[in-house]
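Heads up, the thing below is written out as structure tokens.
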Amino acid sequence: MTDDVSAVADLSRDFFAAVVTPQSEKFAAQGHPDKAAYQRAGELGLLCMSIPEEFGGGGGTFAHEAAMLTEQALAGDTALHLGVDSIIVPHYILAYGSDDQKNYWLPKIASGEIVAAIAMTEPGAGSDLQSMKTRAVKSDDGYRITGEKTFISNGYNADVVVVAAKTDPDARGAGISLLIVDLVNPSTGDLVVGFSRGAPIAKVGQKGQDTTTLTFDDVRVPLTAVLGEENAGFRQLKTQLAAERLILAVAAVAAMEKAVDLTTSYTKEREMFGQRLFDFQNARFELAECATLARIARTFVDDCIDKHLRGELDATTAAMAKYWLSDRQCEVIDRCLQLFGGYGYTLEYPIGQMYADARIQRIYAGSNEVMKELISRKL
């Protein structure tokens, strides 16, 4: 936590307190955040912080983004999927995009002018990306994309989406390409012909996050829409997914720490049988164990961040972090909720919402079962 990273944490804390938390109920009710929140984050310089300044970014590192993601988790916000919009999609473009693609898209994302998403998962192909059915058929003037993507974070608000599609349907993973699709016709402001999106999906938790289904019916994009080389998409996805899993790990650790702090405060105030709940040995021991898990988790994720900053975070370690830390997040929050008793199962206290929001962490960005399979291949 250098001075500039601490400054980002302070700025992020103020942003979530002033702009996001007061609207959390509204975002949950409508199933998506207002795009103005992204625009305000862009105005404050909180988007694309690890993208070079020449492309409109902050010129910082993932450490700055980790500070922002930590403050978002501590604020209890799950509506703005800044990890996808501000980190994941921009780094696909930065790593594989042409100069024209980088100069056109990155400043727009960094400013909050547009919201970005990435579309991998399909109704019949979740973690098994090689089985995707979406096709991008090449013609003289571009590609025609047809297929359906589901559980797409930022899907309702997205102006641009990086779509994973088969450009060689017979080659499984070796036939996947990534294409940048501008969802809005610049001349009319309407959605491009052939594209539609569903309403935000009703979920157990993260109700303010606009997770939707995206449908492409012969959507035309130019030849220049391909990100990097044709048929290189699966390799690109495998390379970038390590960073996505680290993003989830950072949020998991912050949630654990918040759960321990909230529960410690509650047990010191709650009285039972003439004494504080905290004075019961079981409560103290539960909190001691949860605090220890959170400390170990913090040490692990900080080491992963250090490795990532040095370009040394391998896919196996990222998979370990994603699976183990999200498992511990659910465990710690569950054990803390138990100490709240019946109040923990309500939304009167934030621990109940944290419990519902945490469950998806073990599923998206590759299920934890898939993470274990990836880890086992390196044993």
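All heavy atoms count here, side chains included; hydrogens, waters and symmetry mates do not.
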Partners passing side-chain hydrogen bond (donor to acceptor under 3.5 Å, both in side chains) against Thr224 (at least two apart in sequence or in another chain):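 Listed in chain order: nothing, the list is empty.
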
Does atom [atom1] of [X] have more than 12 heavy-atom neighbours, drawn from other residues, nucleotides or ligands, at distances under 6.0 Å?
X	atom1	value
Lys372	NZ	yes
Gln338	CD	no
Glu289	CD	yes
Phe195	CZ	yes
Tyr156	OH	no
Phe280	CZ	yes
Gln130	CD	yes

Quick one: does [X]'s side chain have a donor or acceptor within less than 3.5 Å of a partner on [Y]'s backbone?
X	Y	result
Arg245	Ala321	no
Ser24	Val20	no
Thr146	Asp218	yes
Ser86	Gly83	no
Arg135	Lys133	yes
Gln30	His32	yes
Arg328	Ala294	no
Asp168	Gly175	no
Ser111	Pro107	yes
Lys207	Lys203	yes

Hey, does [Y] have a side-chain heavy atom less than 4.5 Å from the side chain of [X]?
X	Y	answer
Ile351	Tyr343	no
Met354	Leu262	yes
Arg172	Ser131	yes
Asp14	Leu44	no
Leu339	Arg335	no
Ile180	Tyr92	no
Val162	Tyr96	no
Val221	Phe216	no

Does the distance from a Lys or Arg side-chain N to an Asp or Glu carboxylate O, for [X] and [Y], drop under 4.0 Å?
X	Y	value
Glu43	Arg40	yes
Arg298	Glu257	yes
Lys108	Asp159	no
Glu271	Arg276	no

Asp4 vs Thr2, side chain to side chain donor-acceptor pair (under 3.5 Å): CA-CA, chis, key distance, verdict: CA-CA 6 Å; Asp4 58 325; Thr2 58; 2.5 Å; yes

Cluster companions of Ile201 among Ile, Leu, Val, Met, Phe, Trp, Tyr (side-chain spacing under 4.5 Å):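 Taking Ile, Leu, Val, Met, Phe, Trp and Tyr as members, Ile201 shares its hydrophobic cluster with Phe151.
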
Please round to the nearest 0.5 Å and tell me the distance separating atom [atom1] of [X] and atom [atom2] of [Y].
X	Y	atom1	atom2	result
Leu129	Thr121	CG	OG1	6.5 Å
Asn157	Gln209	CG	CD	8.5 Å
Lys307	Leu246	NZ	CG	11.5 Å
Phe27	Thr21	CZ	OG1	9.5 Å
Thr263	Phe340	OG1	CZ	4.0 Å
Leu293	Asp327	CG	CG	11.5 Å

From CA spacing to verdict: side-chain contact (heavy atoms from CB on, under 4.5 Å), Tyr38, Leu82: CA-CA 8 Å; Tyr38 287 96; Leu82 296 172; 3.8 Å; yes

Check against side chain to side chain donor-acceptor pair (under 3.5 Å), Gln361 and Tyr364: CA-CA 6 Å; Gln361 287 268 95; Tyr364 57 16; 2.9 Å; yes

Of all pairs that satisfy salt bridge (charged side-chain N to carboxylate O under 4.0 Å, His left out), the ones with a partner from residues 60-81, not counting sequence neighbours: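 Found Arg13-Glu71.
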
[X] versus [Y], closest heavy-atom pair with distance:
X	Y	value
Val84	Ala116	CG1-O, 3.8 Å
Cys330	Ala358	SG-O, 3.7 Å
Ala242	Ala315	CB-CA, 4.4 Å
Ser326	Asn368	OG-ND2, 3.0 Å
His308	Ala243	CE1-CB, 4.0 Å
Ile305	Val250	CD1-CG2, 4.0 Å

Evaluation steps, side-chain contact (heavy atoms from CB on, under 4.5 Å), between Lys138 and Thr167: CA-CA 7 Å; Lys138 193 174 185 178; Thr167 40; over 6 Å; no

Linking I/L/V/M/F/W/Y whenever their side-chain heavy atoms sit closer than 4.5 Å, directly or via other members, would [X] and [Y] fall into one cluster?
X	Y	value
Leu223	Val137	no
Ile333	Leu287	no
Leu227	Val219	no

Pair Phe55-Asn103, side-chain contact (heavy atoms from CB on, under 4.5 Å): steps then yes or no: CA-CA 6 Å; Phe55 300 121; Asn103 284 309; 3.5 Å; yes

Gln72 vs Leu80, side-chain contact (heavy atoms from CB on, under 4.5 Å): CA-CA, chis, key distance, verdict: CA-CA 9 Å; Gln72 182 178 22; Leu80 274 69; 3.9 Å; yes

Donor + acceptor pair across side chains of His91, Ser50 (<3.5 Å):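 Present: a donor and an acceptor within the cut-off.
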
